[in-house]
Trainee: 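One structure is given below, represented as structure tokens, and several questions about it will come after.
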Amino acid sequence: QKEVEQNSGPLSVPEGAIASLNCTYSDRGSQSFFWYRQYSGKSPELIMSIYSNGDKEDGRFTAQLNKASQYVSLLIRDSQPSDSATYLCAVNSLLTTSGTYKYIFGTGTRLKVLA
Amino acid sequence: DGGITQSPKYLFRKEGQNVTLSCEQNLNHDAMYWYRQDPGQGLRLIYYSQIVNDFQKGDIAEGYSVSREKKESFPLTVTSAQKNPTAFYLCASSIDRRSWGNEQFFGPGTRLTVL
């Protein structure tokens with residue numbers, strides 16, 4: 001079983017619509033969650049971090065976290081063609097043997113915003 | 001400007017050759033990481049380092065080696081023992097791997113191709 005799961009897509013939405021990207025994780029003890037945007041051929045760029053249940057908004061982006069359901073999502077309002085990219089979900093989980101944390105990445109969802 | 005630099009951007013390796021990828025950061029981060037990304041796959045952790053002169057194997061360390069002689073620098077050597085080295089290599093850093101809020105930031109990446 002994968003530890004962080006995302007639908008690979010592509011998710012196609014028309015320009016101006018809301019894009020909804022989803023991610024589930026298996027470690028119930030995970031404490032922090034991150035969304036990265038990765039354009040083709042480029043490195044991942046951190047766009048949102050969320051640590052507590054509920055919604056966190058930053059401009060056109062809203063991250064939603066539900067720890068009981070082990071589910072984190074990213075909403076992009078007023079989607080633009082420039083939002084077309086792969087969106088990676090990352091979960092930071094505690095390694096009890098070392099007391100340090102490990103980032104676990106999903107494989108990403110490819111978003112296509114159609115003009 | 002603070003950030004992470006990687007060089008070279010593109011690298012070509014012949015069979016049986018060792019190559020070294022450079023990673024430098026001026027963010028004053030303690031922790032540094034190397035990931036490998038293959039098409040259609042998530043990021044896989046090769047090595048990480050929490051402090052100078054200390055580093056640990058990640059999930060796919062075989063055929064790779066690293067050093068951490070300075071806080072700012074974390075070079076990765078891809079040895080001839082790595083049988084399938086063609087991939088996109090990403091270096092990242094974070095303030096402290098022991099922190100649960102541990103945001104990771106990425107360099108621009110090095111694309112390695114075996115000839």
Side-chain angles (χ1 to χ4, degrees), chain A residues 1-10 23-27 29-52 56 58 63 65 67 85-110, chain B residues 2-7 9-10 21 23 25 27 29-51 54-61 87-113:
Chain A
Q1 182 184 6
K2 288 184 180 178
E3 295 173 301
V4 177
E5 293 206 31
Q6 296 181 256
N7 189 318
S8 61
C23 172
T24 58
Y25 59 94
S26 60
D27 182 1
S30 299
Q31 299 189 31
S32 46
F33 309 85
F34 309 92
W35 283 100
Y36 288 82
R37 177 176 61 199
Q38 186 174 23
Y39 291 113
S40 180
K42 303 295 185 182
S43 63
E45 173 193 8
L46 179 66
I47 54 173
M48 291 286 285
S49 306
I50 186 165
Y51 307 109
S52 54
K56 179 182 177 183
D58 184 359
L65 175 62
K67 289 185 178 180
T86 296
Y87 289 81
L88 303 175
C89 172
V91 174
N92 211 13
S93 295
L94 177 64
L95 299 177
T96 53
T97 53
S98 64
T100 59
Y101 290 83
K102 179 180 178 180
Y103 250 51
I104 301 171
F105 285 89
T107 54
T109 297
R110 189 157 65 97
Chain B
I4 305 171
T5 57
Q6 291 185 243
S7 62
K9 186 174 181 180
Y10 298 99
L21 284 59
C23 177
Q25 55 98 2
L27 300 169
H29 285 174
D30 284 329
M32 296 187 74
Y33 314 81
W34 275 104
Y35 292 92
R36 168 181 172 144
Q37 187 176 38
D38 295 279
Q41 296 194 34
L43 278 69
R44 292 185 290 169
L45 182 64
I46 304 172
Y47 267 98
Y48 62 92
S49 168
Q50 176 60 36
I51 57 173
D54 183 62
F55 46 83
Q56 304 295 327
K57 292 181 179 180
D59 300 318
I60 55 164
F88 189 37
Y89 289 86
L90 292 158
C91 178
S93 71
S94 66
I95 292 175
D96 184 346
R97 193 168 185 268
R98 293 164 294 185
S99 166
W100 62 270
N102 195 31
E103 292 176 330
Q104 290 190 17
F105 298 92
F106 286 86
T110 292
R111 196 165 297 277
L112 173 63
T113 303

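All values reported here derive from a predicted model rather than from experimental measurement. Numbers restart at 1 for each chain; the letters A, B, ... are given by sequence-line order, proteins then strands.
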Trainee: Of the backbone (N, CA, C, O) and the side chain (C-beta and beyond), which part of B/Gln104 lies under 4.5 Å from a heavy atom of chain A, both, or neither?
Mentor: both

Trainee: Atom CG in B/Leu43, atom CD1 in A/Ile104: separation rounded to 0.5 Å?
Mentor: 12.5 Å

Trainee: Which heavy atom of A/Thr107 sits nearest a heavy atom of B/Gln41, and at what distance?
Mentor: CG2-C, 4.2 Å

Trainee: Can you name the closest pair of heavy atoms from B/Pro108 and A/Ser43 and give their distance?
Mentor: CA-OG, 3.7 Å

Trainee: Is the ring centre of B/Tyr35 less than 6.0 Å from the ring centre of A/Phe105?
Mentor: yes

Trainee: Could you tell me which portion of B/Leu90 (side chain, backbone, both or neither) has an atom closer than 4.5 angstrom to a non-hydrogen atom of chain A?
Mentor: side chain

Trainee: Where does A/Phe33 contact chain B at under 4.5 Å (heavy atoms): side chain, backbone, both or neither?
Mentor: neither

Trainee: Need one label for B/Arg111: side chain, backbone, both or neither, based on atoms under 4.5 Å from any heavy atom in chain A.
Mentor: side chain

Trainee: I need the A/Leu46 CG to B/Ser94 OG distance, nearest 0.5 Å.
Mentor: 11.5 Å

Trainee: Can you tell me how far apart OH (A/Tyr103) and CG (B/Asn102) are? Round to the nearest 0.5 Å.
Mentor: 6.0 Å

Trainee: Nearest heavy-atom pair of B/Glu103 and A/Phe34: which atoms, and what distance?
Mentor: CG-CE2, 3.5 Å

Trainee: Using every non-hydrogen atom in the two residues, find where B/Phe88 and A/Lys42 come nearest and quote the distance to one decimal.
Mentor: CE2-O, 3.5 Å

Trainee: Out of curiosity, B/Gln37 CD to A/Thr86 OG1, how far, rounded to the nearest 0.5 Å?
Mentor: 8.5 Å

